[in-house]
Amino acid sequence: DPNVADRESGRLLLSFNQPYVNHNGGTIKFGPDGYLYIAVGDGGLGGDPYGNAQRTDTLLGKLLRIDVNPSGSLPYSIPSDNPFADAGVVQSNGISDVIGETSGLSLEAADYHPGARPEIWALGLRNPWQFSFDRETNDLYIADVGQVAWEEINFEPAGTEGGQNYGWDWLEGSHCYPLTVTECARSQVGVLPVAEYRHGTDGCDITGLGIYRGDTYPEIDGIYLASDWCSGKIWGLERDQDGNWQFEQLLDTELLLTGGGEDPSNGDLYLTACSCQFNRQYDAFENPQGTVWKLVTTDQVPDGAVTAPLTPTEGDAATPTANGETVDTAEATPAEG
């Protein structure tokens with residue numbers, strides 16, 4: 001039974017410390033290659049004060065990739081094609097006699113990083129709270145929470161070699177960071193996001209939901225969905241026939257959206273929301289405020305289902321609906337269980 005785990009079988013694979021309590025990343029999942037991917041935030045506070053995201057000697061601000069099978073005395077192994085798997089080994093003994101030319105073997109000094117952590121797959125991330133693999137194409141989407149101005153979605157096509165640098169904290173999205181910097185070498189950082197939005201009415205905290213690959217709703221097949229915790233908005237991201245990325249708002253809810261997940265059997269997408277109280281006195285066990293929602297197309301809302309409360313547009317006094325009928329807000333609260 002995949003829903004039952006033996007707690008006694010657990011073993012510690014990897015642990016690390018961070019200087020502050022926020023920016024913990026969050027997603028841990030196996031990729032299509034069978035390796036475990038781990039999203040790690042930059043260490044917290046604001047502005048990455050330790051420069052962790054651009055450093056290769058720390059696991060913070062990274063997407064990690066490990067083999068969960070032990071290797072010798074280590075509880076896990078390093079995939080041989082990780083970008084820094086051999087970074088501590090001098091590549092050759094070639095001697096440079098002319099600038100730009102070498103005698104004998106090629107000396108790739110730039111590949112030698114003795115302090116680099118071999119677990120790193122990608123770097124330059126601030127708080128990659130949610131990432132998703134496309135079950136059909138194996139492409140990777142990373143929703144990275146921004147600092148003060150921009151939220152971003154990064155894209156890594158299947159088959160891409162590791163070592164992608166997504167810019168933080170030299171960039172926030174595709175923009176120079178900090179905001180006082182107006183000119184920066186964006187093209188030299190590495191990979192710019194395929195979609196972004198500015199803080200304000202669109203929100204302030206992106207949450208990736210996943211790529212729909214089920215059979216029930218063919219209209220949204222292949223669309224990557226993302227949401228925002230501050231605004232409750234939900235967007236769809238997809239390439240058009242010319243290969244250009246299109247990022248379009250699909251819903252504007254009143255939910256505080258915290259995460260997304262995919263049904264492994266049929267590809268349905270779910271999202272979580274929470275009207276939690278953010279103080280030390282709040283006990284989520286005594287007063288749970290979390291809800292789980294299923295994403296469906298408008299023509300497939302089940303009879304009797306409660307739909308998410310929507311943010312009224314200007315001049316629209318409509319309240320949340322259940323199965324297309326206007327209802328009181330209180331009635332739109334999901335029933336226990």
Side-chain angles (χ1 to χ4, degrees), residues 23 25-27 29 31 37-42 53 61-63 121-158 160 162 164-177 186 189-213 220-240 242-253 257-262 269-272 295:
H23 303 182
T27 309
K29 65 176 62 176
Y37 289 75
I38 306 166
V40 184
D42 64 5
K62 312 294 190 298
L63 183 64
W121 177 253
L123 64 157
L125 295 167
R126 181 179 178 273
N127 191 20
W129 174 242
Q130 301 267 260
F131 66 83
S132 302
F133 287 100
D134 186 331
R135 63 161 65 189
E136 184 171 303
T137 66
N138 295 339
D139 296 332
L140 172 63
Y141 295 78
I142 307 172
D144 195 17
V145 179
Q147 178 68 43
V148 296
W150 295 94
E151 302 296 302
E152 67 183 90
I153 299 172
N154 298 297
F155 176 74
E156 184 177 299
T160 301
Q164 303 283 5
N165 187 339
Y166 293 108
W168 176 253
D169 66 336
W170 297 334
L171 299 175
E172 184 182 4
S174 63
H175 308 268
C176 302
Y177 182 85
R186 295 176 178 87
V189 170
V191 182
L192 297 179
V194 296
E196 61 182 10
Y197 60 90
R198 193 178 185 91
H199 285 198
T201 56
D202 285 334
C204 70
D205 194 329
I206 193 170
T207 299
L209 302 179
I211 307 95
Y212 181 76
R213 287 297 184 184
I220 59 172
D221 178 61
I223 294 178
Y224 172 79
L225 294 153
S227 61
D228 189 277
W229 182 81
C230 301
S231 69
K233 293 183 178 182
I234 296 176
W235 295 269
L237 175 67
E238 187 182 32
R239 272 180 166 161
D240 62 21
D242 297 324
N244 300 314
W245 289 100
Q246 303 297 329
F247 190 48
E248 181 179 333
Q249 181 181 315
L250 304 179
L251 285 170
D252 189 0
T253 77
L257 300 164
T258 58
E262 180 181 355
L269 292 179
Y270 294 83
L271 58 86
T272 56
L295 284 165

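Atom CG of residue Leu271 and atom OG1 of residue Thr253 lie 7.5 Å apart, to the nearest 0.5 angstrom. With rounding to the nearest 0.5 Å, the separation of CG in Asp144 from CD in Glu196 is 12.0 Å. We find the CG-OH distance between Asp139 and Tyr224 to be 12.5 Å, quoted to the nearest 0.5 Å. With rounding to the nearest 0.5 angstrom, the CD1 atom of Ile206 is 11.5 Å from the CG atom of Asn127. A distance of 11.0 Å separates OH in Tyr166 from CG in Leu192, rounded to the nearest 0.5 Å. Rounded to the nearest 0.5 Å, atoms CD1 (Ile211) and OG (Ser132) are 5.0 Å apart.
For the pair Glu172 (side chain) and Gln147 (backbone), a donor-acceptor distance under 3.5 Å is present. Of the possible donor and acceptor atoms, none in the side chain of Gln164 sits under 3.5 Å from a partner among the backbone N and O of Val191. For the pair Thr258 (side chain) and Thr272 (backbone), a donor-acceptor distance under 3.5 Å is present. Without hydrogens or angle criteria, Asp228 side chain to Cys230 main chain gives a donor-acceptor distance under 3.5 Å.
Donor-acceptor pairing under 3.5 Å is recorded for the side chains of Trp168 and Asp42.
Using a 4.5 Å cut-off on side-chain heavy atoms (C-beta onward), Gln249 and Tyr197 make no contact. Leu250 has its side chain within reach of Leu225: a pair of non-hydrogen atoms, C-beta onward, lies under 4.5 Å apart. Proximity of Leu257 to Leu209: side-chain heavy atoms (C-beta onward) are nowhere separated by under 4.5 Å. For the pair Arg213/Asp221, a side-chain contact is recorded, criterion being any heavy-atom separation below 4.5 Å from C-beta on. The side-chain heavy atoms of Tyr212 and Ile223, taken from C-beta on, include no pair separated by under 4.5 Å. Put simply, the side chain of Arg186 reaches to within 4.5 Å of the side chain of Cys176, judged on heavy atoms.
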task = Under the side-chain contact (heavy atoms from CB on, under 4.5 Å) rule, what do Leu125 and Asn154 come out as? Steps first, then yes or no, please.
result = CA-CA 10 Å; Leu125 295 167; Asn154 298 297; 4.0 Å; yes
request  = Begin with the C-alpha distance, continue with both residues' side-chain angles, and end with the deciding distance and a verdict on side-chain contact (heavy atoms from CB on, under 4.5 Å) for Trp229 and Val145.
outcome  = CA-CA 10 Å; Trp229 182 81; Val145 179; over 6 Å; no
Show the atom names and distances, to 0.1 Å, of all donor-acceptor pairs under 3.5 Å that link a side chain in residues 198-205 to residues at least two apart or in another chain.
from, atom 1, to, atom 2, distance (Å)
His199, ND1, Val148, O, 3.3
His199, NE2, Glu151, OE2, 2.6
Asp202, OD1, Lys233, NZ, 3.1

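For the pair Ile153 and Tyr141, the tightest heavy-atom approach, listed with the atom from each and the gap, is CG2-CD2, 4.4 Å. In this structure, Leu237 and Ala195 approach most closely via the heavy-atom pair CD1-CB, 3.9 Å. Residue Ala143 comes nearest to Gly208 through the heavy atom pair CB-N, 3.6 Å, listed as atom of the first residue, atom of the second, then distance.
Taking the six-membered ring where tryptophan is involved, the planes of Phe247 and Trp235 are essentially parallel, since the angle between them stays under 30° and well short of 60°.
Counting heavy-atom neighbours within 6.0 Å of Trp129 CH2, excluding the residue itself, gives a total of 12 or less.
Note on Arg126 versus Asp169: no salt bridge recorded, every NZ/NE/NH1/NH2 to OD/OE distance being 4.0 Å or above.
Residues passing the side-chain contact (heavy atoms from CB on, under 4.5 Å) test with Leu140, sequence neighbours excluded: Leu63, Phe131, Phe133, Ile142, Glu156.
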